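Just so we're clear, the structure is a prediction, and the values are computed from it rather than from any experiment. Every chain is numbered from 1 and lettered A, B, ... according to where its sequence line falls, protein lines coming before strand lines.
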Protein chains: 2
Amino acid sequence: MARIKLPTLHSDFSVDCVIFGFDAGELKILLIDRNEPPYKKWKALPGNLAYDTEDIDEAAKRVLYELTGLKNVYLEQLYSFGKIDRHPQGRVITIAYYAIIKRSDNGLHPVTTFAKKAFWWPANSLPKLAFDHIEIAKKGIERIRNKIRYEPIGFELLPEQFTLTQLQHLYEAILETEIDKRNFRKKILSSELLIESKNKQKDVSHRAARLYKFNKIRYRELKKGGFVFKL
Amino acid sequence: MARIKLPTLHSDFSVDCVIFGFDAGELKILLIDRNEPPYKKWKALPGNLAYDTEDIDEAAKRVLYELTGLKNVYLEQLYSFGKIDRHPQGRVITIAYYAIIKRSDNGLHPVTTFAKKAFWWPANSLPKLAFDHIEIAKKGIERIRNKIRYEPIGFELLPEQFTLTQLQHLYEAILETEIDKRNFRKKILSSELLIESKNKQKDVSHRAARLYKFNKIRYRELKKGGFVFKL
DNA sequence: GCAAAAGTGTTAACTTTACACCCATGT
DNA sequence: ACATGGGTGTAAAGTTAACACTTTTGC
């Protein structure tokens with residue numbers, strides 16, 4: 001297997017990101033169009049070779065930032081992929097990360113400062129992707145599905161303020177189940193993780209729902225005491 | 001940051017293994033004494049640079065085999081570690097795996113075909129380790145602790161046949177809790193994951209306990225139907 | 001006034017927890 | 001006969017699941 005040395009980056013491993021967003025009642029993943037070989041013109045997960053001078057976590061943050069302009073985002077390592085033939089130009093291991101980002105409530109407007117053309121794609125009907133990116137994306141979906149059951153990461157996908165119905169729809173979309181409205185509300189409210197806002201929904205053509213915020217501080221406290229959020 | 005090229009392996013990433021065993025009522029981890037620099041004479045997790053010609057999963061299997069002579073062992077990727085300064089000779093990313101191996105019931109005799117001197121160490125009182133291996137080991141312990149709650153991996157640590165009390169002690173050791181004997185038995189037996197053996201314990205100076213086997217086939221069936229083992 | 005989603009309680013089924021004594025075997 | 005761990009059931013507390021109608025608001 002030939003080993004290609006790239007002039008500037010000088011590295012044999014890359015970082016790829018599965019970036020999740022929630023919109024129109026669906027879990028979405030941010031994809032890019034590749035405009036250089038290999039896999040030119042293919043859709044792919046955003047990623048890049050890593051510099052020798054940065055920790056891998058930093059490389060993931062950088063990729064995410066270059067693509068979305070966002071910092072301070074929920075970002076975790078997902079899994080590493082190292083089949084010898086996964087990259088046509090030689091041995092390149094990739095360390096995959098997954099990120100969860102908020103999108104403005106009313107907005108379908110994608111994030112702004114792109115390095116490449118990026119677009120959201122429904123997580124449950126992904127197109128063909130370059131390299132082994134389908135495998136990586138599936139691992140990401142599997143992870144977020146498991147994680148959401150025992151950590152309150154769902155809030156990362158919603159705007160600062162949200163209604164209980166929005167939250168329920170999010171859980172239903174990710175877990176692909178129906179949830180009973182009354183039971184859901186009882187459970188989520190009894191967890192003390194939500195702060196009731198004084199505001200209500202605006203511009204809806206029906207009774208406006210109360211808005212809530214996630215109480216991060218309370219969550220940290222509870223977690224220290226051994227509390228585990230469970231839906 | 002200097003980048004050292006090794007003549008034969010020609011690779012910038014390594015594979016390290018957290019190998020778990022259970023013995024004398026304790027969770028143990030297999031360590032080696034390093035006999036070359038860097039960190040010569042330090043204790044460390046078994047690991048090695050990976051060849052360019054093997055998938056990373058294969059590299060992990062190889063490391064495990066070289067050290068223990070074992071194949072077909074429970075082995076999963078754990079996490080990748082990529083701080084730039086984790087290796088004194090330059091940028092080396094490591095992909096950590098964890099393995100769970102059975103040790104013969106009565107036996108404290110360690111595995112045989114060593115590449116290096118290896119020895120078991122209690123997981124909850126690890127010594128100083130080379131590189132960032134303490135961090136890796138801790139991640140492994142955290143993982144096995146979480147995993148054992150919702151997958152029946154405990155059986156991988158026990159001999160083919162075991163008593164319910166042995167199984168209970170194993171859970172107690174890993175989860176660091178006490179478990180009620182009657183509740184534990186009720187729960188574990190009602191899961192239908194155990195096959196009652198006709199045999200009983202031998203050579204104990206008290207009433208001999210019935211032996212059980214883990215029913216792997218039944219577990220796979222149940223799992224397909226969406227069953228999740230939970231202690 | 002009607003369409004659309006918000007909001008609200010009770011009961012039965014199930015799961016989890018707490019708890020103590022007799023039994024079989026080896027010395 | 002005694003020491004050691006093996007083996008067993010029940011009741012109370014807590015959790016989950018099933019289920020339907022009234023309220024508010026905009027059009």
Side-chain angles (χ1 to χ4, degrees), chain A residues 24-25 105-106 148-150 152 158-159 161-173 175-213 222 225-231, chain B residues 24-25 105-106 148-150 152 158-159 161-173 175-213 222 225-231:
Chain A
D105 194 9
N106 51 3
I148 204 171
R149 290 174 182 281
Y150 57 89
L158 290 175
Q161 302 201 92
F162 50 84
T163 70
L164 293 180
T165 300
Q166 284 169 345
L167 186 62
Q168 182 180 340
H169 288 343
L170 184 151
Y171 275 91
E172 289 177 333
L175 298 176
E176 293 185 315
T177 47
E178 295 213 343
I179 302 174
D180 179 90
K181 181 160 71 154
R182 279 175 291 188
N183 292 339
F184 179 79
R185 282 160 182 249
K186 227 181 304 168
K187 181 125 196 196
I188 215 90
L189 290 173
S190 70
S191 75
E192 302 179 57
L193 290 177
L194 294 191
I195 302 169
E196 240 184 48
S197 157
K198 273 154 218 153
N199 310 326
K200 299 206 166 182
Q201 263 181 324
K202 291 260 160 74
D203 303 318
V204 284
S205 69
H206 53 76
R207 177 175 176 179
R210 159 149 273 138
L211 293 167
Y212 292 82
K213 287 190 213 175
L222 287 169
F227 164 87
V228 175
F229 172 82
K230 272 206 64 192
L231 190 77
Chain B
D105 193 11
N106 50 3
I148 205 170
R149 290 174 181 281
Y150 57 86
L158 290 176
Q161 302 202 91
F162 49 85
T163 71
L164 293 180
T165 301
Q166 283 171 345
L167 186 62
Q168 182 180 342
H169 288 342
L170 184 153
Y171 275 90
E172 289 177 333
L175 297 176
E176 293 185 315
T177 48
E178 295 212 343
I179 302 175
D180 178 90
K181 181 160 70 155
R182 278 176 292 188
N183 293 339
F184 179 78
R185 282 160 182 249
K186 228 181 306 168
K187 180 126 197 195
I188 216 90
L189 289 174
S190 70
S191 74
E192 302 180 57
L193 290 177
L194 294 191
I195 302 169
E196 240 185 47
S197 157
K198 273 154 218 153
N199 310 325
K200 299 206 165 180
Q201 264 181 324
K202 292 259 159 76
D203 303 317
V204 284
S205 69
H206 52 76
R207 177 176 176 180
R210 157 148 274 137
L211 292 167
Y212 292 83
K213 287 189 212 177
L222 287 168
F227 164 87
V228 175
F229 171 83
K230 271 206 67 192
L231 191 77

Distance (rounded to the nearest 0.5 Å) between [X] [atom1] and [Y] [atom2]:
X: A:Leu158; Y: A:Gln166; atom1: CG; atom2: CD; value: 6.5 Å
X: B:Lys200; Y: B:Arg207; atom1: NZ; atom2: CZ; value: 6.5 Å
X: A:Ile195; Y: A:Leu211; atom1: CD1; atom2: CG; value: 13.0 Å
X: B:Phe229; Y: B:Tyr150; atom1: CZ; atom2: OH; value: 12.5 Å
X: A:Thr177; Y: A:Leu231; atom1: OG1; atom2: CG; value: 8.0 Å
X: B:Lys181; Y: B:Glu178; atom1: NZ; atom2: CD; value: 13.0 Å

In whole Å, I'd like the distance from the [atom1] atom of [X] to the [atom2] atom of [N].
X: A:Asp180; N: C:dT10; atom1: CG; atom2: C1'; value: 13 Å
X: B:Leu231; N: C:dT17; atom1: CG; atom2: C1'; value: 13 Å
X: B:Lys186; N: C:dC14; atom1: NZ; atom2: P; value: 16 Å
X: B:Arg149; N: C:dT16; atom1: CZ; atom2: P; value: 13 Å
X: A:Glu196; N: C:dG7; atom1: CD; atom2: P; value: 9 Å
X: A:Gln168; N: C:dG7; atom1: CD; atom2: C1'; value: 12 Å
X: A:Gln166; N: C:dG7; atom1: CD; atom2: P; value: 11 Å
X: A:Tyr212; N: C:dA6; atom1: OH; atom2: P; value: 11 Å

query = Mapping B:Arg185 and A:Lys187 to their closest nucleotides on DNA chain D, which lands nearer the 5' end?
reply =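 Mapping each residue to its closest nucleotide by heavy atoms, the 5'-most match is B:Arg185.
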
Compare every heavy atom of [Y] with every heavy atom of [X], then report the nearest pair and how far apart it is.
X: B:Tyr171; Y: B:Ile179; answer: CB-CD1, 3.8 Å
X: A:Lys187; Y: A:Lys230; answer: CE-O, 3.2 Å
X: B:Phe162; Y: B:Leu194; answer: CZ-CD2, 3.8 Å
X: A:Leu164; Y: A:Phe184; answer: O-CE2, 3.6 Å
X: A:Ala173; Y: A:Gly25; answer: CB-O, 3.5 Å

request  = For the helix from C:dG1-D:dC27 to C:dT27-D:dA1, figure out the bend between the end axes, five pairs an end, and round to 10 degrees.
outcome  =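 Comparing the axis at each end, I get an angle of 0°.
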
query = Can you give one letter per nucleotide of nucleotides 22-27 of chain C, 5' to 3': B if a protein heavy atom sits under 4.0 Å from the base, S if only from the sugar-phosphate, - if neither?
reply = -BBBS-

ask   = chain B on DNA chain D: first and last contacting nucleotide, 5' to 3', under 4.0 Å to a heavy atom?
value =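 So the contact region on DNA chain D extends D:dT4 to D:dT10.
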
ask   = Distance check: side-chain N/O of A:Thr165 vs OP1/OP2 of C:dA5, anything under 4.0 Å?
value =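 A:Thr165 to C:dA5 OP1/OP2: no side-chain N or O under 4.0 Å.
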
query = For B:Lys230 and A:Arg210, take the nucleotide of DNA chain C holding the closest heavy atom to each; which residue's nucleotide lies nearer the 5' end?
reply =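 In this pair, the answer is A:Arg210.
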
task = State whether a side-chain donor-acceptor pair under 3.5 Å links B:Thr165 with B:Arg185.
result =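 Per modelled atom types, B:Thr165 and B:Arg185 side chains form a pair under 3.5 Å.
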
message = At 4.0 Å (heavy atoms only), tell me whether B:Thr163 reaches a base, stays on the sugar-phosphate, or touches nothing.
response =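 Here B:Thr163 touches no strand at all.
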
